[in-house]
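This report concerns only the one structure given below.
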There are 2 protein chains.
Amino acid sequence: MNIKGLAQALGLSIGTVSRALNDKPDVSEATRKRVLDAAVKLGYSANASGRSLRRGRTQTVAVVLETGQADVRAGDAFFMRIIDAMQDTLAAHGYDLIILPSNSSGDPTAFLKRIMARGMADAIVITATLADDPRLKLLMSGHVPFLSFGRTQTTRDYAWVDLDFEGFLWRAMQALADLGHRDIAITVPPNNSNIAVILRETYEACCAQLGLPHDPDLVQVAEHSEFGGAAVVRSLLARPHPPTALVLNYEMMAFGAYSALRDAGLAPGRDLSLITLRRSRQLRFLEPVVAACDIDVEGLGRTLATETLRVIHAQHPSAAIRWPTPLTLTSSVGPPR
Amino acid sequence: MNIKGLAQALGLSIGTVSRALNDKPDVSEATRKRVLDAAVKLGYSANASGRSLRRGRTQTVAVVLETGQADVRAGDAFFMRIIDAMQDTLAAHGYDLIILPSNSSGDPTAFLKRIMARGMADAIVITATLADDPRLKLLMSGHVPFLSFGRTQTTRDYAWVDLDFEGFLWRAMQALADLGHRDIAITVPPNNSNIAVILRETYEACCAQLGLPHDPDLVQVAEHSEFGGAAVVRSLLARPHPPTALVLNYEMMAFGAYSALRDAGLAPGRDLSLITLRRSRQLRFLEPVVAACDIDVEGLGRTLATETLRVIHAQHPSAAIRWPTPLTLTSSVGPPR
DNA sequence: CTGTTAGCGCTTTCAC
DNA sequence: GTGAAAGCGCTAACAG
């Protein structure tokens, strides 16, 4: 069923039908109602290609997910919850949300280039940003509005929303220092993720500010998984003078960390204070409850959606939002032994 | 840059350029090369709307993911790995893959109806099928080729690919019975998922075949999470005569089950034999290693892709594929106490 | 208030 | 081997 068929069924011209469907003025209320009813009854929805071609826009927001990235495969599917919330807001503004999986075997930049050139979306949201991310240069040189969920080091003048990693690490380090910890280890992601850069810089600043020794060996590159958490804890415990606290950048590492501590006959909070970035549902399963940030995931999704709408409408100033990472301390944190 | 611009830049007509780009005959090799080179240099990709409108197809496969469903949020993002593999195969055949998140606050059937009517994809893959799923009726009454990842009870005459739940439960029950277990509990999903129906029926058949008592109380409805696994184990242990084995339908439940056993001072394999459906990377973290199926996830993704291509090309017979669930026994399974 | 028509970018006949 | 032109479904400008 296309608009021509609908018009014929109603004995109207396609122009009138189109205007009725699109809430344009100059259509009598009676006609509008008749058209809308018929559209529902006959199951008519405007063909996406025809409409997009004519309008020059798709009413679609594309979220590019790196399906090869560990982040995307995270615990309770952080991204799925974000997208669920984004979609709510976008739908309320007449936009569809599609996810474009950027295949692990392909080149992310070439993928993005193709999306942009083909005009598949009115705005693109990218994720899993790298410290030096060629996608940003590409996006900035093009004409497709975009939002970056995550920052990069190379450019600064674009709309982004990111977790407040700095605030998280500051609060964690401050709380630990207040309890008397001096040797505090942190984990950073293994790849060239921008998060690693942020955490390293913040760590250095924290140490300077709090008067702690800045031992580069306390910054541990860890695999983004339970295994990474376990490996880091084992490696730290093997030292002559292990640190007394550990801040994890990825929640699933906490499982590994707890497990490695238990294997060594040690207890979180008592023998090693542990803090992790994001509280996921699964984390609640750990005993004692691990100190973590209670991030408003739905709010984050809604914010990503409204900021996307802003870049579409070229509203200024563009986003530069660090999403709150409020830390809740628990008994996984205690004074140093 | 559109085809008109590209043609002008080359001093050719748009017709010739189009034919060159689409590998049509009646274009000289020299011209073809010139066009292809210019397209790359100028970053030209055919506008998706224009091409789809003219061709009447989008060269796109849409996977509808229920973002509200717990399944989608599973452990190591099972779905993301499947989609990653699907995309590889589809891309090799000139198709794009898009994910359409079906919002938790919307009506899945209405969502699907809209996608179908708008012609957003040449084929639709649905997931998270229910025992009685209205989406199937809708899809079968429409003209969009589709593949169901999961079965339903209501209709049988459509292309589907699903995990071999029956084979899994048979092998698990057989192995347990061989060891002397007679009271074997299983979990089933809490909603009206089709998996629950399959597991219940298979369980009954297994009990009859293996000469085991068929106690309905041994079929436990469990929440799709670690918490569900813990709750079931606690509930079973509280009985006067607890079962000696438990088969879980979702891998994350194993964490909860192990935890609840440990809390009770009991050990998996010794006090309660445990088998779970799918081995995920995270599971390897449990001690002892839990008995589970080593599913070829990438192969499953490739199969979903090739079956999707089959329905697009209306090749027969249509799929009815139970994807292998090869069970690996470990020391989480032992003789009954 | 409604009908007619041009044209979005592209592919595919049909001429030459 | 190439160019001209029609038309996919739709919206928007214009006529009436």
Side-chain angles (χ1 to χ4, degrees), chain A residues 1-36 38-39 42-60 94 96 114-122 143-144, chain B residues 1-36 38-39 42-60 94 96 114-122 143-144:
Chain A
M1 168 64 65
N2 55 21
I3 199 171
K4 201 165 148 191
L6 185 60
Q8 277 171 355
L10 285 161
L12 289 168
S13 74
I14 58 169
T16 303
V17 171
S18 174
R19 264 167 294 150
L21 290 169
N22 291 289
D23 264 333
K24 301 282 174 190
D26 290 350
V27 174
S28 79
E29 264 323 305
T31 305
R32 189 191 310 283
K33 185 168 175 359
R34 216 158 65 84
V35 172
L36 261 49
L42 299 174
Y44 171 82
S45 264
N47 175 282
S49 302
R51 166 173 281 183
S52 303
L53 184 56
R54 173 65 229 222
R55 283 195 175 158
R57 56 207 152 81
T58 57
Q59 295 292 109
T60 297
D96 285 326
R114 196 156 150 273
I115 297 167
M116 292 168 68
R118 297 185 57 197
M120 295 183 66
D122 295 348
H143 299 113
V144 184
Chain B
M1 168 63 66
N2 57 21
I3 200 171
K4 202 166 149 190
L6 185 60
Q8 277 171 355
L10 285 160
L12 289 168
S13 73
I14 58 170
T16 303
V17 171
S18 173
R19 265 168 294 155
L21 290 169
N22 290 289
D23 264 336
K24 301 282 174 188
D26 287 353
V27 172
S28 79
E29 264 322 305
T31 305
R32 189 191 308 284
K33 186 168 173 359
R34 218 157 63 85
V35 172
L36 261 49
L42 299 174
Y44 171 82
S45 266
N47 175 282
S49 302
R51 166 173 282 182
S52 303
L53 183 56
R54 173 64 228 221
R55 283 194 175 160
R57 58 206 151 80
T58 57
Q59 295 292 111
T60 296
D96 285 326
R114 197 155 150 273
I115 296 167
M116 291 168 69
R118 298 185 57 197
M120 294 184 65
D122 295 348
H143 299 112
V144 184

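Keep in mind it's a predicted model, so treat the numbers as computed, not measured. Letters A, B, ... are given to chains in the order of the sequence lines, protein chains preceding strands, and every chain is numbered from 1.
The interatomic distance linking Gln59(B) (CD) with dC10(C) (C1') rounds to 14 Å, in whole Å. One atom, CD1 of Ile14(A), and another, P of dG3(C), lie 11 Å apart when rounded to the nearest Å. With rounding to whole Å, Gln8(B) atom CD is found 17 Å from dT2(D) atom C1'. Spacing between atom CZ of Arg54(B) and atom C1' of dA5(D) amounts to 11 Å, rounded to whole angstrom units. The distance between atom CZ of Arg51(B) and atom P of dC10(D), rounded to the nearest whole Å, is 21 Å. Atom P of nucleotide dT11(C) and atom CG of Asp23(B) are separated by 12 Å, given to the nearest angstrom. For the pair Leu6(A) CG and dT2(C) P, the interatomic distance rounds to 14 Å; values are reported in whole Å. Between the CZ atom of Arg19(A) and the P atom of dA12(D) there is a distance of 11 Å, given to the nearest Å.
Between dG3(D), dT2(C), dG9(D), one nucleotide has an atom nearer to the side chain of Leu12(B) than all others, and that is dG3(D). Across dT2(D), dT2(C), dC10(C), the shortest atom-to-atom separation from the side chain of Val27(B) is found for dT2(D). Ranking dC1(C), dT12(C), dC10(D) by closeness to the Asp26(A) side chain, first place goes to dC1(C). Candidate nucleotides dT11(C), dG9(D), dC10(D) were compared by shortest atom distance to the side chain of Leu53(B), and dG9(D) ranks first.
At dC10(D), one or more side-chain N or O atoms of Tyr44(A) fall inside 4.0 Å of OP1 or OP2 (strictly under the cut-off). Within the structure, a side-chain polar atom (N or O) of Thr16(A) is placed less than 4.0 Å from OP1 or OP2 of dG3(C). Between dT12(C) and Lys24(B), a contact under 4.0 Å exists linking OP1 or OP2 to a side-chain N or O.
Using a 4.0 Å heavy-atom criterion, one finds that Asn47(B) contacts the sugar-phosphate atoms exclusively. Heavy atoms of Ser18(B) sit under 4.0 angstrom from at least one base atom. Counting non-hydrogen atoms under 4.0 angstrom, Asn2(A) reaches the backbone sugars and phosphates but no base. Across all strands, Gly56(B) comes closer than 4.0 Å to no nucleic acid atom at all (heavy-atom distances). Residue contacts shown for Thr31(A) are limited to sugar-phosphate atoms, with no base heavy atom under 4.0 Å away.
A donor-acceptor contact shorter than 3.5 Å links the side chain of Arg19(A) to the backbone of Gly15(A).
Among all heavy-atom pairs drawn from Ser52(B) and Ser49(A), the shortest one is CB-OG, 3.1 Å. Residues Ala121(B) and Val144(B) come closest through the heavy atom pair O-CG1, 4.0 Å. Considering all non-hydrogen atoms of both residues, Arg118(A) and Ser45(B) come closest at CG-CB, 3.5 Å.
Salt-bridge formation is not detected for the pair Asp122(A)/Arg55(A): no Lys NZ or Arg NE/NH1/NH2 atom is positioned less than 4.0 Å from an Asp or Glu carboxylate oxygen.
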